[in-house]
Amino acid sequence: MASRRVLPVAFSLLMMSVPVLAQGPTYGIGRTPTAEEIRARDISIGPTGEELPPGKGSAKEGALTYRSKGCAGCHGANGTGGAAPILKSKDPTNPDVWARGRILPLRAPFATTVWDYINRGMPLNREGTLTPDEVYGLTAYLLFINGVIPEDQVLDQQNLAAVKMPLGDNYAPLPDWKPRRPRLKGYPY
Amino acid sequence: MREKRPARREFLRNGAALAGGLTLSAAAPALGQQAPAQPPMIKGEREGEIGYGTRSKYTTSVRIPHGGRPTPDNFGLTFHVASPLQDQVGVITPSSLHYYATTRGSFLPDIDPAKHTLMIHGLVDRPLTFTVDDLKRLPSVTRLHFIECAGNRASRRAKTVQETHGMTSNAEWTGVLLSTLLKECGLKGNAKWFVAEGSEEVKGASSMPVAKAMDDCFVAYGMNGEAVRPQNGFPMRLMVPGFEGILHTKWVQRIKLVDRYYMNYNDFGHLDQDKKEAALSYQIGPKSVITYPSGAQRLPGKGFYEIRGLAWSGGGAIKQVEVSTDGGKKWNKAQFQGTPQRMAHCLFTYGWQWDGNETEIMSRCVDEIGQAQPTREQIAKYWNKTFDQTFSVPGLDNSVQPWKIAKDGSVTNGFA
């Protein structure tokens, strides 16, 4: 019976110590990666482009890489007609960007998304083997064939994130998710 | 019982008397007139699988490619594989039959668990890497959770519940809360989103809110009493209970804390034009389906049938399931088998006498936060659209699934 009285006291002492513990690790398990290790493993390229590596490439260079690295084999000679997803809109003049199709180098709101995906996911079976220059060139080529940038524009670490994509901010922001709340108030009524 | 005893004693006496030159089996025909005949002995065979058991050769239920895209596809990639819900018994999907999907189509990575690590970095005070053994030292959670692919919608061409609903499954998962790991790393104040990345060849990555990470996400290394299966993310995967399947990052190798939606390839694929449609993504709505009787099955005749099905919601635990056996006119409360868990399939049953007439059966559910499963007619009305066979549910499809039962007992898709 006595222990029942002691426990709440012990608990409240434990609770009092939580704010202090929250500042430091509780278990001390896990290894601290080196800065080089983080740099090597971190391939995420966010909308600001801050993680982009040095390098550059134009659509003309990208067109050469598109053929030499086998992109054309799956995606078609000019971005259409292959077995893999098309990379160029079949309805390029439609004023509604959404109606032009779900094509990465056209509908992505940021050019960094195109760069990131080519870099991490292409080409099939040789993912991660493209050099930064090749990825800048391929990004430029795909943006050029979709009418986003001129053929002679050179993309690099500094200007890639600033490319104005056709979608702009014409998309719905993601919902501000909170636990235990309905997805959409009043849905379906 | 008392009456049987003399018979047994007599059997023993007779056996003893005959034991002089005859074997016991040779004496059996004479005894057969007194004692009831035993069922014939079933011939055994040598136990084949001592190390890791297999199911009966008479159980042939298998997964199938889902939707229009073949799997493996032209490139040999696996994309969507659906679970045979019509054959599932109970509430756990066997690991071998758990639905399987990949980011864009991918191969199965061959990961040596001794070499695999999860790195957490970005907007944290202390970046850390964790091995599988590190995770196993930390406080664990074991929870029942469904995972459902956002593409799990019933087309009118679908015949079975595997084709209409097979891209959802339910397993018991064990792992470490992501909040535990993030507290070890120390979150910076501007860490509002996190990017989780897999280690398959495409390194599929998705952005998710930190609020979800701190609420109930966990890094799972266990599934249904053993290590997570390779197709389900061996040696570790992210669990994001109640969210779209694609976010449950398999083979997770890196989590980066960031200050904004990072617009990865997967994120770009999630963009919507309409704010309301965007709100209907991420978290799975309340959903239920009758798995028995279901499409392509056949009732042998009128009489009693236990209707069985599954119900689940990304909003929490299922609170109520109702079944209609008259095309949605009258709704009857179904029974739960076991206590419904949060963001997990629950099994419901309803005893039904079929009178042999043509009818339609269906189920609907309500979850713990009051979200109700709608019919397609209700959804069409909400969006001010005409309900016909071409109507497609915006966002994730959690609509009521009707099954038609014909006079001959054949069961077909109510949307066909």
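These numbers come from a predicted model, not from an experiment. Each chain gets a letter, A, B and so on, in the order the sequences are listed, and its residues count up from 1.
For the pair A:Leu155/A:Ile149, a side-chain contact is recorded, criterion being any heavy-atom separation below 4.5 Å from C-beta on. Contact of the B:Trp312 side chain with the B:Ser288 side chain is not registered, since no non-hydrogen atoms from C-beta on lie closer than 4.5 Å. Contact of the B:Leu238 side chain with the B:Phe218 side chain is not registered, since no non-hydrogen atoms from C-beta on lie closer than 4.5 Å. Contact annotation: the side chain of A:Ile29 never approaches that of B:Leu128 to less than 4.5 Å [non-hydrogen atoms, C-beta and beyond]. Side-chain contact between A:Tyr141 and A:Ile145 is present, with at least one heavy-atom pair separated by less than 4.5 Å. Side-chain contact between B:Glu200 and B:Leu108 is absent, with no heavy-atom pair separated by less than 4.5 Å. B:Met119 has its side chain out of reach of B:Ile255: every pair of non-hydrogen atoms, C-beta onward, lies at least 4.5 Å apart.
Most heavy-atom pairs under 4.5 Å with chain A, from the set B:Arg254, B:His270, B:Glu201, B:Arg104: that is B:Arg254. If you tally non-hydrogen atom pairs under 4.5 Å between each of A:Asn125, A:Leu184, A:Asp116 and chain B, the highest count goes to A:Leu184. Heavy-atom pairs under 4.5 Å with chain A were tallied for B:Asn74, B:Thr131, B:Thr180, B:Thr117; the largest tally goes to B:Thr117. Per-residue counts of heavy-atom pairs under 4.5 Å with chain A were compared for B:His121, B:Glu184, B:Gln378, B:Lys275; the largest is that of B:Glu184. Interface check for chain A: of the options B:Pro139, B:Gly370, B:Gly316, B:Pro209, the most heavy-atom pairs under 4.5 Å are formed by B:Pro139. Counting heavy-atom pairs closer than 4.5 Å to chain A, the top residue among B:Ala278, B:Gly204, B:Gly105 is B:Ala278. Most heavy-atom pairs under 4.5 Å with chain A: of the set B:Leu118, B:Leu181, B:Val195, B:Leu138, this distinction falls to B:Leu138. Comparing A:Ala84, A:Pro85, A:Pro173, A:Gly128 by how many heavy-atom pairs each has under 4.5 Å with chain B, the most go to A:Ala84.
Residue contact with chain B, scored on non-hydrogen atoms closer than 4.5 Å, is absent for A:Arg126. B:Gln371 touches chain A through its side chain: at least one heavy atom from C-beta onward sits under 4.5 Å away, while N, CA, C and O do not. Proximity to chain A (any heavy atom under 4.5 Å) is restricted, for B:Leu77, to the side chain, taken from C-beta onward. The contact between B:Pro127 and chain A is made by backbone and side chain atoms together, counting heavy-atom distances below 4.5 Å. Looking at A:Tyr171, both its backbone and its side chain come within 4.5 Å of chain B, counting heavy atoms on both sides. Only the side chain of A:Phe110 comes within contact range of chain B, with heavy atoms under 4.5 Å apart. Contact of B:Lys276 with chain A is made through backbone and side chain together, with heavy-atom distances under 4.5 Å.
The local environment of CG in B:Asp110 is sparse, with at most 12 non-hydrogen atoms from other residues, nucleotides or ligands closer than 6.0 Å.
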Contacts under 3.5 angstrom, residues 257-265 of chain B side chains, donor-acceptor by atom type, not counting sequence neighbours:
from: B:Tyr262; atom 1: OH; to: A:Glu51; atom 2: OE2; distance (Å): 2.4
from: B:Asn264; atom 1: ND2; to: B:Ser207; atom 2: OG; distance (Å): 3.3
from: B:Asn264; atom 1: ND2; to: B:Asp267; atom 2: OD2; distance (Å): 2.8

I'd like a table of donor-acceptor pairs (distance under 3.5 Å, sequence neighbours excluded) in which one partner is a side-chain atom from residues 93-101 of chain A, with atom names and distances.
from: A:Asn94; atom 1: OD1; to: A:Asp96; atom 2: N; distance (Å): 3.0
from: A:Asn94; atom 1: ND2; to: A:Asp91; atom 2: OD2; distance (Å): 2.9
from: A:Asp96; atom 1: OD1; to: A:Trp98; atom 2: N; distance (Å): 3.0
from: A:Trp98; atom 1: NE1; to: A:Asn170; atom 2: O; distance (Å): 2.9
from: A:Arg100; atom 1: NE; to: A:Asn94; atom 2: O; distance (Å): 2.7
from: A:Arg100; atom 1: NH2; to: A:Asn94; atom 2: O; distance (Å): 3.2

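For A:Trp177 and B:Phe243, the ring centers sit closer than 6.0 Å to each other.
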Between B:Arg376 and B:Asp397, does the salt bridge (charged side-chain N to carboxylate O under 4.0 Å, His left out) criterion hold? Intermediate values first, please.
CA-CA 9 Å; B:Arg376 286 199 176 170; B:Asp397 184 355; 2.8 Å; yes
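Residues of residues 38-45 of chain A having a heavy atom under 4.5 Å from any heavy atom of chain B, listed by number: A:Ile38, A:Arg41, A:Asp42, A:Ile43, A:Ser44, A:Ile45.
B:Phe130 is linked by a ring pair (Phe, Tyr, Trp, His ring centres under 6.0 Å) to nothing, counting only residues two or more places apart in sequence or in another chain.
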